[in-house]
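Have a look at the structure below before the remarks.
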Amino acid sequence: MMNKNAISLLAAFLLMIILSVVSIRVGAVSVPFKEIWLTLQTQPNKSFFIVHELRMPRVAVAILAGIGLSVGGVILQSVLRNPLASPDVIGLTKGAGFLAAAVLFLFPASPSYWLPLAALAGAFLAFALLLLLTRRLTLPPATLALVGIAIGAAFGAGTQYLIVKHPRDISLALLWLAGSLWGRNWHDVWTLLPWIVILLPAAWLSFSKLNVLQFNDMTGASLGLNIFRERFLLILLAVALAGICVSAVGAIGFVGLLAPHIARSLAGPRHQRLIPLAALIGADLMLLGDFLGRIIIAPREVPAGIMTAVIGAPYFVYLLRRERRMRSTKQA
Amino acid sequence: MPRFMKRLNSFTALILLLLLVTACGQTGSNNQAETPAANTGTETSKSADGSITVEDATGTVTLTKRPERIITMEFSFADALATLGVQPVGAADDDDPALFMDEVKSKLTNYTSVGSRYEPNIEVISSLQPDLIIVDLVKHKEVMEQLKGIAPLLVLDDYQADYEQMLKNYMIIAKAVGKKAEGQKRLEEHEAKIADAKSKLQSTDLKVLPAVVNPKGFFAHSDHAYTGSFLAKLGFTDPVKDENSYPQLTLEQLVETNPQVLFLMPTEKETIVNQWEANSLWNKIDAVANKKVFTVERRDWSLARGLIGSEKMASDIVNSLGK
């Protein structure tokens, strides 16, 4: 008999495979399965480029970024003990967005690799500011979240200023800020992959610490954890995971909020189960958002960041309502 | 605890240092990729075997034969092909053919839209099997590597171009599609048309300001911008003298710059100017007092940015200010 947890894991995994295949099959140009099969046998035909150079790397980037953003979200929600925590809340995506916008507006002719580097630097800059302003994260988690929001607001204001100051160039910046998988290639995959391969196991291996930290500091301390150090290392882990993903796909914040919630409602609070499931659900969300964004107004595209929010927001509301209902029935 | 704090401190410093080092290292190693951008050379040759060599904004492009399936990723590139009698197989038109000027559209009879100019659909581009893609240096830099896998690229700086740069780009396109002589001839025709327009203007000793207006604001096009640079070329004076291409002006600032002629490019029917007209300050502007405020098509004046577009601008100006 398989338990519920294994079933949800398997379902999320199968959904990921199905979405990947559909993403490779369908698009502005339709590639029949037979041709996909032929391209896999390295018979260069006219669909080879579309399958191998456009859709496959895009699917891979969607999966990797979905994993990074959602696992980053899980860690932040648990460590900050705040259900609203996500890479957005500690100012990370806003910091990345600000430096990315600065590059787009102030150095439009800069080489293309500047943009992800600037975004990554922005994410870590936001984290460094958080360290400075919260006495190196020793303040209570609720305060950490508030300071993070303040940092994010400041960076957000900076981005707004740049947008207002350069009204003509905003299309490029808005596309990046919305978060998009357009034009992502194998180079992006190879940049993301090593980070995810190293950081995802690191996150999973921290499950026992996360299980303890999500309650309160007293429990953690009484169980012999160096609360402040563990909290710092875990938030750093989340920042690295989410930061590298944001630098690759733009400021897609919502996946990092939504995927952990869906996973939590299916797998419960234990992180040894929660982290793998959230990773898969994050990948599913990104794949679905990117796929819909690609076909909905083809040949134009809706950025994946917008689509994930459009499909995710109603489900999020449903989830919150159901949670409340369950809680009230429990009390009664 | 204090010892841990200290360690934490140095750790933070280490992160920042690391970021700095990686950022610096990256800039150093890739500088040479940037330098040829300034070079918009004109040397080309058409060798005996029919191959075409041309200098674009990033370097030398060699085409084995005259390209026949061309994709344009900006309006001005399509404008150039239209004047040369070349049909692109695909064009980025933001999926709205109405954004092409009527004259350009009538010449582009049978093309496939490749979608947005900012995020053109690479799948469609690949399925059209082009043999030349004309891209913008700034807008499309993120996908140049991918596009190179489909077809040779002609990279031109249109996004930041002024009028003179556009003329240079025009000749590069003409050479790349193997129509150097036609291009030269058309360019001379263009120069004659512009000179003719100039002669029809009584005086160009005027402060003329073109501006895009939308419900939120008034965006002047200074002489760093394409439209402004064209007016400067005709001999008009730019009243804003701003180092930015598109400075946003308030009504007070506009009154202070006091243009003698205004060309407004509204993005929609109701704009900020409708509110300003009710303000007595508006009537203090020379252009308003002398009834020299003209409304022109933003599509023709700001989006088109080619020979046909500039000629339309010149004729609009002659119709408004000529004898």
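Since we're looking at a predicted model, the values are computed, not measured. Proteins come first, then strands; the chains are lettered A, B, ... in the order of their sequence lines, and each starts at number 1.
- Other residues, nucleotides and ligands contribute over 12 non-hydrogen atoms within 6.0 Å of the NZ atom of Lys241(B).
- Seen from the ring of Tyr118(B), Lys139(B) counts as a face-on cation partner, given the 6.0 Å and 45° thresholds.
- Within residues 174-190 of chain A, the residues having any heavy atom under 4.5 Å from a heavy atom of chain B are, by residue number, Leu175(A), Ser180(A), Trp182(A), Gly183(A), Arg184(A), Asn185(A).
- Side-chain contact check for Asp158(B) and Ser76(B): at least one donor-acceptor pair (N or O, by modelled atom type) lies under 3.5 Å.
- Among residues 119-127 of chain B, the residues having any heavy atom closer than 4.5 Å to a heavy atom of chain A are, in sequence order, Glu119(B), Pro120(B), Asn121(B), Ile122(B), Glu123(B), Val124(B), Ser126(B), Ser127(B).
- Between the side chains of Ser113(B) and Asp93(B), a donor-acceptor pair is found at a separation under 3.5 Å.
- Considering only heavy-atom pairs separated by less than 4.5 Å from chain B, the leading option among Pro299(A), Ser47(A), Pro303(A) is Pro299(A).
- Of residues 93-100 of chain A, not one residue has a non-hydrogen atom less than 4.5 Å from any non-hydrogen atom of chain B.
- In this pair, Phe127(A) and Phe124(A) present their aromatic rings perpendicular. The plane angle is above 60°, beyond the 30 to 60° band.
- The backbone N or O of Glu68(B) sits less than 3.5 Å from a side-chain atom of Asp131(B), completing a donor-acceptor pair.
- Neither the backbone nor the side chain of Leu104(A) comes within contact range of chain B, judged by heavy atoms closer than 4.5 Å.
- With no hydrogens or angles considered, a side-chain donor-acceptor pair links Arg25(A) and Ser30(A) at under 3.5 Å.
- For Asp300(B), the salt bridge (charged side-chain N to carboxylate O under 4.0 Å, His left out) partners two or more places apart in sequence, or in a different chain, are Lys312(B).
- Between the side chains of Gln160(B) and Asp157(B), at least one donor-acceptor pair of N or O atoms lies under 3.5 Å.
- The backbone N or O of Ser302(B) lies less than 3.5 Å from a partner atom in the side chain of Arg305(B), making a donor-acceptor pair.
- Between Phe100(B) and Tyr111(B), the ring planes are perpendicular. Angles over 60° get that label, and only those under 30° would be called parallel.
- Asp94(B) places a side-chain N or O within donor-acceptor distance of the main-chain N or O of Arg117(B), the cut-off being under 3.5 Å.
- Residues His221(B) and Tyr246(B) bring their aromatic ring centres within 6.0 Å.
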